[in-house]
Colleague: 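Pasting a structure below so you can have a look.
Not measured: the values here are computed from a predicted model.
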Protein chains: 2
Amino acid sequence: MRKKKSNITIKVVADRAGVSTATVSRVITGSDVVSPRRRKRVDRAIKELGYSPNRAARELRIGAVLKIGVVLSDIQNPFFTGCLAGIESVLQSSDYVLILGNSKEDPRIEKMHLNSLISDGVGGIILALTSGYDDCYQDLAKSDIPMVAIDRESKYLLVDSVVIDNVSASFQATECLAKLGHRRIGYIGGPLHISTSQERLKGYKEALTNLDIPIEDDLIVNGQYRQGGGCAAMEELLNLPERPTALLIANNLMTLGALEAIYQHDIQIPEALALVAFDDTPWNIALKTPLTVIAQPTYQLGEFAAKLLLDRIKNPDQPLQKIMLKGELIIRDSCGSKI
Amino acid sequence: MRKKKSNITIKVVADRAGVSTATVSRVITGSDVVSPRRRKRVDRAIKELGYSPNRAARELRIGAVLKIGVVLSDIQNPFFTGCLAGIESVLQSSDYVLILGNSKEDPRIEKMHLNSLISDGVGGIILALTSGYDDCYQDLAKSDIPMVAIDRESKYLLVDSVVIDNVSASFQATECLAKLGHRRIGYIGGPLHISTSQERLKGYKEALTNLDIPIEDDLIVNGQYRQGGGCAAMEELLNLPERPTALLIANNLMTLGALEAIYQHDIQIPEALALVAFDDTPWNIALKTPLTVIAQPTYQLGEFAAKLLLDRIKNPDQPLQKIMLKGELIIRDSCGSKI
DNA sequence: GTGAAAGCGCTAACAA
DNA sequence: TTGTTAGCGCTTTCAC
């Protein structure tokens, strides 16, 4: 174990400036009850000594500040790294430091991170949750740590949130496919205990109902929000006696997996299967068939979340907020229409 | 500002278990001088109370900061998110917490993050540096904070490092192309002040020399390690009076950009242009032409770096280490051979 | 407006 | 093997 970095404490500064530690502290914290003369003396001493206050001591004394915990469900998913970049950019120009945790879609790991953050007494938490259907978050909610849920929500966790309007995005995508003449539209989505999965499925169903297309359970597959999940789901759909002619996929990684299966079976897009997928990605243009997608504003999602959290920390009693961002349908080749 | 989070302190646990705080502390820190009976009692009390130690207090007391700063040059690049995931997984089972900074390939932002980490007195730093050719890091090196350079090195920063054997990887890739009969092999690489760019260029040139193929400066383009950089570089190569028949691209994002330009000019891969690129990526299989790549073990890179840093923290006087990991050439369609 | 002093929760001597 | 206790560096009453 390393020893302390610096022996310049508030005491040293106080001695140098010929004042008490209390006065130095008042200067540091910006308390306005210090006379200009002493303030000047203290400032000089701080500069000369290159003093910077010990964060641990400060935190211990006042309770936690200056740390924001960010727990994401998959830090290798471009969707979340986009969010992360947005969060980071906001925090960068704040006094807060970003503590990162990766839950890998595992509620147990998530719980661990959360506990660690809580016991650290972080100033706030931004969470993309992995589990939404049980009471995992009830005691978390009881801790009074400011928190923002990002992308996903849980009814057991009533906190500020920044999300995509998934129902409408999914509705729009399904409608697009239907308007191109498709009646057998399949759907591949994520685990149903995650709110985004529920909402996207809902949007899909609503669009179908709205257009008098019967909902067929066979055409709906929910799997893991992973590449493997997408591949497996696609195989299932492909094994159907009557295959879908169009498909909506609710996640970028699943899309990659589905594409894997599609190419393996030598199915032509969009001729044999029209496709709309969630998430625009940098690699889209280089794909065999460029994908029609619902682009989600991930970076802004992160920015909003960080700003919202900072707001909430400053003003704990403000009413709960839910910010909803719209996805954007971008037409490319895979849906079979340039519109 | 919030007040303190939890009132479950070591004292409460001690009372509950009927022991002293010292004994509880011993159990927590894994000191082995506690009798099994008491240890069991303490463990139970901890569990029942849901106690977890206050990090600030601990840090203050032991005079070390249980935080690792990780500053990456682009947290939206899959290469670095792969590393990040590896780092996170190691840190997760340590006492350390991960503080993330994103320099966006900007030395000024990097500097800012580094300064902030230093003044926080973090326990250690993992850095993918953005600038390698000036003395940016000289005073950083003087701070005695343990540090590991990841992926990229600088002669101004003599610290432990974990890197890919870029020269040999690049050599291998170039050789592969040459063995397929190509003599006009182009090269697209990153900024030359970054060590990986230098090394990859070196490997390329060495392979050429080794095979008696003349090096033509026209065929070598160095740009930004970004999608735009790859696209611009490709355009440049395409404007040559005599185009290359094969190409090595030294970065995944640049590859995407190059592909963009290639498709725009309707150039067939591998017929009109054989391609080998750095980095294997999840989307590779779904590309128009699956890419022959040098796969880099990003996750392991991160794991090694984190472990190395933890080692160094425990044992500051151990000799400097440089861990070099090998890339792996994976043959797919884009080089024009299944071998 | 200022200083003295009491801890924040924890660990590590030192005693027992 | 265990408990007692003195701080780590800081902020914040409370007197003055």
Colleague: Starting from C1' on D:dT11, measure out to NZ on A:Lys11 and report it in whole angstrom.
Modeller: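 So the NZ-C1' distance, A:Lys11 to D:dT11, works out to 16 Å.
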Colleague: Salt bridge or not between A:Glu59 and A:Lys67? Use side-chain N to carboxylate O under 4.0 Å.
Modeller: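 Here A:Glu59 pairs with A:Lys67 in a salt bridge, since their nearest N and O are under 4.0 Å apart.
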Colleague: A:Leu60 CG to D:dC10 C1': how many Å, rounded?
Modeller: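 Going from A:Leu60 (CG) to D:dC10 (C1'), I get 8 Å.
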Colleague: Measure the distance from CD1 on B:Ile10 to C1' on D:dG3 and round it to the nearest whole Å.
Modeller: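 These atoms are roughly 13 Å apart.
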Colleague: Rounded to the Å, how far apart are A:Asn54 CG and D:dG7 C1'?
Modeller: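 After rounding, the gap between these two atoms is 14 Å.
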Colleague: Restricting to side chain to side chain contact (heavy atoms under 4.5 Å, CB included), what partner residues turn up for A:Lys307, sequence neighbours left out?
Modeller: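 Side chain to side chain contact (heavy atoms under 4.5 Å, CB included) list for A:Lys307, sorted by chain: A:Val90.
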Colleague: Are any of the side-chain nitrogens in A:Arg152 or A:Glu110 under 4.0 Å away from the carboxylate oxygens of its partner?
Modeller: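 Result for this pair is no, no salt bridge flagged.
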Colleague: Taking atom P of C:dC8 as reference, at what distance in whole Å does atom CD of B:Glu59 sit?
Modeller: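 It is 19 Å, rounded to the nearest whole Å.
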Colleague: Would a 4.5 Å heavy-atom cut-off, applied to side chains only, mark B:Cys83 and B:Tyr299 as touching?
Modeller: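 When only atoms from C-beta onward are counted, B:Tyr299 and B:Cys83 do not touch, as no gap falls below 4.5 Å.
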Colleague: Rounded to whole Å, please give me the gap between CG in A:Leu66 and C1' in D:dC10.
Modeller: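 Answer to the nearest Å: 13 Å.
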Colleague: Rounded to the Å, how far apart are A:Arg58 CZ and D:dG9 P?
Modeller: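 The distance from CZ of A:Arg58 to P of D:dG9 comes to 16 Å, rounded to the nearest Å.
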Colleague: Going by heavy atoms closer than 4.0 Å, what residues in residues 37-45 of chain A are next to DNA chain C?
Modeller: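 Close to the strand are A:Arg38.
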Colleague: Taking only residues at least two apart or on different chains, which pairs with a member in residues 77-91 of chain B satisfy salt bridge (Lys or Arg N to Asp or Glu O under 4.0 Å)?
Modeller: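 Checked against salt bridge (Lys or Arg N to Asp or Glu O under 4.0 Å) - neighbours excluded - no pair reaches residues 77-91 of chain B.
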Colleague: Residues two or more places apart in sequence or in another chain: which of them pass side chain to side chain contact (heavy atoms under 4.5 Å, CB included) with A:Pro191?
Modeller: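 A:Pro191 satisfies side chain to side chain contact (heavy atoms under 4.5 Å, CB included) with A:His193, A:Ile194, A:Ser197, A:Gln224, A:Tyr225 only.
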Colleague: Tell me, which of residues 18-29 of chain B have any heavy atom that sits under 4.0 Å from an atom in DNA chain C?
Modeller: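 Per residue number, the list reads B:Ala22, B:Ser25, B:Arg26, B:Thr29.
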Colleague: What pairs of residues pass the side chain to side chain donor-acceptor pair (under 3.5 Å) test when at least one of them lies in residues 38-49 of chain B, not counting sequence neighbours?
Modeller: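 Residue pairs passing side chain to side chain donor-acceptor pair (under 3.5 Å), neighbours aside: B:Arg16-B:Glu48, B:Arg44-B:Glu48.
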Colleague: Just so I know, are the side chains of B:Met112 and B:Asn115 near enough to count as touching, which here means a heavy-atom distance under 4.5 Å?
Modeller: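 No - every pair of side-chain heavy atoms lies 4.5 Å or more apart.
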Colleague: When the distance from CD1 of B:Ile62 to C1' of C:dC10 is rounded to whole Å, what number comes out?
Modeller: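 For the pair B:Ile62 CD1 and C:dC10 C1', the rounded distance is 9 Å.
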Colleague: Is any side-chain N of the basic residue among A:Asp106 and A:Arg108 closer than 4.0 Å to the acidic one's carboxylate O?
Modeller: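 So A:Asp106 pairs with A:Arg108 through a salt bridge.
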